[in-house]
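In what follows, a single structure is set out as structure tokens and then discussed.
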Number of protein chains: 2
Amino acid sequence: MPPDTQAKKINRASFEPAYMQLVRMVSEQIATGALRPGDQLPTEGQFCTQYAVSPMTVRRAINILVEKGLVSTTHGRGTFVKPLDIGRATFRLQELKNQWTSGEIDVALLEASIQSADERVARKLAIPIGERAIFIRRLVLQGETPAMYHREYLIYDPRRPVVEDQLQITSLEGLLQGQSGEGLRRGELSIEAVTLKEEEAELLKVPTGTAAFRLEHIFHDFENHPVSWGWFICRADRFKLTTCIGADADA
Amino acid sequence: MPPDTQAKKINRASFEPAYMQLVRMVSEQIATGALRPGDQLPTEGQFCTQYAVSPMTVRRAINILVEKGLVSTTHGRGTFVKPLDIGRATFRLQELKNQWTSGEIDVALLEASIQSADERVARKLAIPIGERAIFIRRLVLQGETPAMYHREYLIYDPRRPVVEDQLQITSLEGLLQGQSGEGLRRGELSIEAVTLKEEEAELLKVPTGTAAFRLEHIFHDFENHPVSWGWFICRADRFKLTTCIGADADA
DNA sequence: TAGTGGTCTAGACCACTTA
DNA sequence: AAGTGGTCTAGACCACTAG
């Protein structure tokens with residue numbers, strides 16, 4: 001434990017809550033190297049007296065530091081600064097929305113039809129082979145340039161207010177604006193790298209064989225049945241995920 | 001607000017903390033559709049009386065639900081169930097470690113040399129063009145199969161205990177086992193899709209032009225100077241990021 | 001004005017680690 | 001046995017939203 005560097009006070013008049021000020025102050029000490037990986041933080045009690053706050057406030061601040069991955073706590077031992085861990089990096093899909101909502105986005109519906117499910121579609125949607133399913137192809141345009149190509153298979157259920165609603169489900173409007181499907185409970189997503197097939201390349205106006213991201217999705221309803229399965233093919237030059245780890249990741 | 005479905009009690013004898021039991025019970029109600037997107041949750045006070053817990057415990061549970069993206073709170077209005085938001089999806093690099101630490105991993109050092117920095121390297125490492133930099137090439141093998149190719153440029157500083165330590169920094173051992181660089185403060189990471197160049201393809205034993213992930217990284221020390229810049233080229237068939245959104249993402 | 005969430009207090013008790 | 005974090009209480013006061 002380093003000799004106490006300098007204990008700034010909590011500003012009670014600030015709009016910033018006390019626990020956040022604590023988080024920020026400790027984060028800065030870690031960022032500047034005043035606290036190094038492995039160092040022990042002051043104990044809960046020490047924080048309380050140093051900053052004249054209650055234990056709950058200290059604990060809240062420490063919990064946030066733990067979630068940020070900056071420190072780790074061990075029950076009877078103490079709280080310690082963690083070294084950089086590359087495994088903690090997380091890439092947020094939200095980033096794409098931000099990248100894209102800055103410009104003009106158009107969604108072109110290329111196809112919307114009823115198809116009979118082949119083996120693959122049947123398996124993904126958990127329906128019998130040959131059952132009818134809705135098939136949709138869309139193209140997302142950023143200005144004049146195509147950015148993503150979307151293929152999606154949807155459960156066809158004549159009892160539901162189908163197509164119109166379903167066209168909204170996982171719609172790119174939803175993806176880009178904010179919220180999708182009201183009737184959906186959970187989704188699974190995955191990302192891989194692929195090379196573009198001829199059809200995809202033509203639509204995206206890049207050479208066949210170009211690299212691209214494939215963002216696959218499958219959504220389930222409240223009965224936990226699959227509702228939709230599909231994937232976005234994203235031009236690599238329009239799709240990049242970035243993130244930061246360590247101190248100063250945000251503040 | 002739906003007519004109270006059924007208020008299970010908190011089990012005080014359980015190893016599971018009260019706030020977690022609350023989180024789980026509400027999560028389940030959302031997962032089953034007992035609580036639908038847009039529905040208002042009981043207020044803090046109602047939770048307190050229903051489950052006989054203190055306000056702080058309720059607030060802690062609700063905060064967790066907010067972080068999980070299942071509900072949102074508005075100051076003077078209440079707490080409401082959120083619809084699925086695809087933008088909340090986050091992909092964790094940790095996943096790769098898990099995928100890989102299951103098998104045998106070898107790291108082959110292909111090259112470690114001193115080079116004079118060209119314009120690109122100089123810019124990334126914030127050093128003058130022509131300055132010496134350490135250059136490292138490694139190959140990560142999963143059993144017999146090559147999985148990743150790593151190129152990295154490191155600051156050459158004769159005052160530091162350089163090479164041996166630097167070889168550990170952002171080493172794949174670090175990447176795969178747990179913790180990397182003790183002298184690092186923060187890092188920036190990004191992922192793109194690329195097609196393999198001839199050299200890369202040969203090393204990874206796949207055809208030239210195959211799709212792959214490129215995971216670029218740059219790390220900074222406590223003075224916020226770049227220390228290392230490089231990238232992993234990952235075989236697409238060994239590298240897939242997956243995630244879940246919505247209720248039941250974990251519990 | 002009534003109801004809501006947001007913050008915070010000043011402790012308590014327990015479980016765990018270390019010596 | 002001493003010190004640590006983990007949980008929890010039973011309130012308080014404030015700021016915001018709504019009718």
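Please read all numbers here as calculations on a predicted model, not as lab measurements.
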Exercise. How far apart are the C-alpha atoms of B:T90 and A:F91, what are their side-chain angles, what is the distance that settles it, and do they pass the side-chain contact (heavy atoms from CB on, under 4.5 Å) test?
Worked result: CA-CA 5 Å; B:T90 58; A:F91 297 93; over 6 Å; no
What is the separation between atom [atom1] on [X] and atom [atom2] on [N], rounded to the nearest whole Å?
X     : N      : atom1 : atom2 : answer
A:M20 : C:dT7  : CE    : P     : 9 Å
B:F15 : D:dC8  : CZ    : C1'   : 18 Å
B:R60 : D:dC8  : CZ    : P     : 7 Å
B:R77 : D:dA15 : CZ    : P     : 21 Å
A:Q40 : C:dT17 : CD    : P     : 15 Å
A:F47 : C:dG11 : CZ    : P     : 20 Å
A:I10 : C:dC8  : CD1   : P     : 9 Å
A:I64 : C:dG6  : CD1   : P     : 13 Å

Exercise. Between A:F213 and A:F239, how do the two ring planes meet: parallel, tilted or perpendicular, split at 30° and 60°?
Worked result: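 Tilted: the ring planes of A:F213 and A:F239 meet at 30° to 60°.
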Problem set entry | Closest nucleotide among D:dG5, C:dT9, D:dC8 to the A:E44 side chain |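 Of all the options, the side chain of A:E44 is nearest to D:dG5.
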Exercise. Among the nucleotides D:dC8, C:dT4, C:dG6, which one has an atom lying closest to any side-chain atom of B:Y19?
Worked result: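 The closest nucleotide is D:dC8.
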For this session: Determine yes or no for a side-chain-to-main-chain donor-acceptor pair under 3.5 angstrom, with B:T74 supplying the side chain and B:R77 the backbone.
Result: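 The answer is no, because no donor-acceptor pair under 3.5 Å joins these two groups.
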Can you find a side chain N or O atom of [X] that sits less than 4.0 Å from OP1 or OP2 on [N]?
X     : N     : answer
A:T74 : D:dG5 : no
B:T73 : C:dG6 : yes
B:R12 : D:dT9 : yes

For this session: Answer with yes or no after comparing the ring centroid distance for A:Y51 and A:Y19 against a 6.0 Å cut-off, counting only values under it.
Result: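 No, ring centres 6.0 Å or more apart.
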For this session: Have a look at A:R59 and say if it touches a base, only the backbone sugar-phosphate, or nothing, with a 4.0 Å heavy-atom cut-off.
Result: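 Here A:R59 touches the bases of the nucleic acid.
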For this session: Report the residue (A:A18 or A:G76) whose heavy-atom-nearest nucleotide on DNA chain C is the more 5′ of the two.
Result: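 Counting from the 5' end, the first nearest nucleotide belongs to A:A18.
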Problem set entry | Residue mapping more 5' on DNA chain D - nearest nucleotide basis, B:T57 or A:H75 |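 Final value for this comparison: A:H75.
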Problem set entry | Any strand: nucleotide that pairs with D:dG19 via Watson-Crick or wobble, under 3.5 Å |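 Partner of D:dG19: none found under 3.5 Å.
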Exercise. Are any of the side-chain heavy atoms of B:T242 and A:L189 separated by less than 4.5 Å?
Worked result: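 No, too far: nothing below the 4.5 Å cut-off.
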